[in-house]
Every structure is written in structure tokens, then in C-alpha cells.
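Within every chain, numbering begins at 1; the chains are lettered A, B, ... in the order of the sequence lines, protein sequences first and strands thereafter.
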Amino acid sequence: MPPARPLPPSFYARPTLQVAADLIGMRLRHEAPDGTAAGVIVEVEAYIGEDDPACHAAAGPTARNAPLYGPPGLAYVYFNYGMHWLVNAVTESDGAPAAVLIRALEPVEGIDLMRARRASRRASGDIGFAGTDADLCRGPGNLTRALGITGTENRQPLWEGPLRIERPARRPSRPVAWSPRIGIRVGQDRPWRAYVVGHPAVSGRPR
DNA sequence: CGTTCGATGCACT
DNA sequence: GTGCATCGAACGT
């Protein structure tokens, strides 16, 4: 495995759209008690400031969104729809609430472990994950499940510790496009979703 | 193909 | 009580 360096806090202390664009091609790794899994980021969304109606900071500071107001480079992990953990990287600076949501990964390490974590019991009693490798981390709720990310990782630094974002030794240039964000009912006028064009692990496309 | 809808927990009004 | 930064099964065409 070639060397990969964790991104320093200064990487995140920049305009959020710039951080979002630069996160494409970086590697998200989680070293959990039950094993390590990692994937290359292929889809992200930016949520920027109290003026962004889709950002959790839109209504001002609360207990839940406190990490958004804190220092850049920490993880903001929250529970949504009663069953999905979603992971963000906090950006900008103290007092400027913003983050980048990680929406999809191309699996590169621990694929068997990802399959085990995604496995589900069917009516027949069979256990397993029916999809392809590209489906394992396709979508923000799916990737946290595949990597074993939960609320335990909330507010943890992304440059050290079990959950990290790293710059791979080789980072092939891929065509990136921007679109409105997915799954929100407000703020759709802002094209703040970045994704690798045509990549099979990107969400919001047919199987 | 397409669209609808239930699951499921919690922050916030 | 309402509404989610979702997912996938279950429908209808």
C-alpha cells in the first residue's frame, strides 16, 4: 500500500467550495475495532453558513450543529431519518458554520468488511449484500454503514485518530461536475454538489 | 422503465 | 407534533 498523508487542519480552513472540490479524489479511512475500510471520495456537497437554508446552521447555533461553528478539520456526524449516520468535514473557521458532506466513495480497502457491514437479512433468511463493489459506499447513509462510522466519531479530528482523510500518493485527475444538492427541499438554487462524472459509485443515478 | 411510500429516532417548534 | 442533507422495497405503466 503506497504512503498516504492525512490532510492537515489548514486544508479545511479555506472557502468551503474550494475544500469540496479538493476533497474529490482524497481517501476516507476508518480504523474501527472490527477492522479497517477506506475509499476514494467521488461525491460531496457543501453546506455554507446561516444564509444557506439547507445548512444545519440556518436557524442559528443549537446543541446538534455546534461542531459546524467549531474549528475546521473536525468531523460532524449526525443521525438522520431515524436510521442513517451522515459524515461531514467542518470547514472555514471558528464562528463560520460550514461543512462538506461526504456522499459517495469508491471502495479501495476492506471491501469484504464493507460487504459484511452492508449485509442484511432477507425474508428467506439469506444473509449478504446483493450489490456490486461500487454500490457499497454509494450514498451518504450507505458509506457510513460500510465504514462503521457512527456518532462516536462526531467532533473527532480528521487528521489523526481512527477516522481520517488522506491524500493518496497517486490521485488521478478525473472530470468533476457541479449540480444542485440532493435530498433537500430548500436551497436548491445553489449548485454545491460536486461529483466525478460518470463514476458508478456516485449516488442519484440508476443502477 | 417510472413513482410512491414505509421504516425509524431525534432535534427542534 | 413535525420534518428531516436516506434507502430500498413495492407498486404502477
Side-chain angles (χ1 to χ4, degrees), chain A residues 12 16-17 19-21 23-24 28 39 41-70 74-92 97-105 107 114-155 158 163 165 178-195 200-207:
Chain A
Y12 303 95
T16 303
L17 292 180
V19 175
L23 278 175
I24 298 289
L28 180 66
I41 297 170
V42 295
E43 181 186 0
V44 297
E45 283 176 358
Y47 291 85
I48 310 173
E50 296 179 345
D51 292 337
D52 174 6
C55 183
H56 282 181
T62 66
R64 178 176 72 158
N65 68 24
L68 293 176
Y69 290 83
L74 301 189
Y76 171 47
V77 184
Y78 74 97
F79 196 54
N80 201 21
Y81 290 107
M83 61 195 88
H84 300 294
W85 294 100
L86 275 61
V87 61
N88 297 252
V90 174
T91 60
E92 306 278 348
V100 175
L101 170 71
I102 313 298
R103 284 195 59 93
L105 310 175
M114 290 183 184
R115 285 194 167 271
R117 286 167 169 162
R118 290 292 314 274
S120 60
R121 203 172 272 280
R122 304 175 72 173
S124 61
D126 295 333
I127 295 177
F129 177 72
T132 67
D133 285 1
D135 294 324
L136 284 168
C137 300
R138 181 169 172 269
N142 288 333
L143 79 87
T144 54
R145 187 170 168 198
L147 264 59
I149 296 170
T150 69
T152 304
E153 282 71 45
N154 191 32
R155 309 180 90 137
L158 291 168
L163 183 64
I165 300 180
W178 294 81
S179 82
R181 294 165 292 183
I182 289 179
I184 56 173
R185 310 189 72 87
V186 290
Q188 294 185 336
D189 53 313
R190 305 173 193 220
W192 289 352
R193 166 178 176 255
Y195 60 98
V202 169
S203 68
R205 57 174 43 248
R207 312 170 52 142

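Counting only heavy atoms from C-beta on, A/His84 has its side chain closest to C/dT6 among B/dT8, B/dC12, C/dT6. Each of B/dA7, C/dA5, B/dC12 was ranked by its minimum atom distance to the side chain of A/Ala63; first place goes to B/dC12. With C/dA5, C/dG8, B/dG9 as the choices, the nucleotide that has an atom nearest any side-chain atom of A/Ile184 turns out to be C/dA5. Distances from the side chain of A/Phe79 to the nucleotides C/dT6, B/dT8, B/dG9 place B/dG9 closest. Nearest nucleotide to the A/Arg185 side chain, out of C/dA5, C/dC7, C/dC4: C/dC4.
Separating the P atom of C/dA5 from that of B/dT3 is a span of 22 Å, rounded to the nearest Å.
Heavy-atom minimum distance, A/Leu147 versus A/Cys137: CD1-SG, 4.1 Å. In plain terms, the two heavy atoms of A/Val42 and A/Val202 that are nearest each other are O-CG2, 3.8 Å.
Between A/His56 and A/Tyr76, the ring-plane angle classifies as perpendicular under the 30° and 60° cut-offs.
Put simply, A/Asn80 has no side-chain N or O that comes within less than 4.0 Å of OP1 or OP2 on B/dC10.
Looking at heavy-atom distances under 4.0 Å, A/Gly82 makes contact with a base.
Once the 5.5 Å centre distance and the 30° plane angle are applied, the aromatic ring of A/Tyr47 is found stacked with the base of C/dA5.
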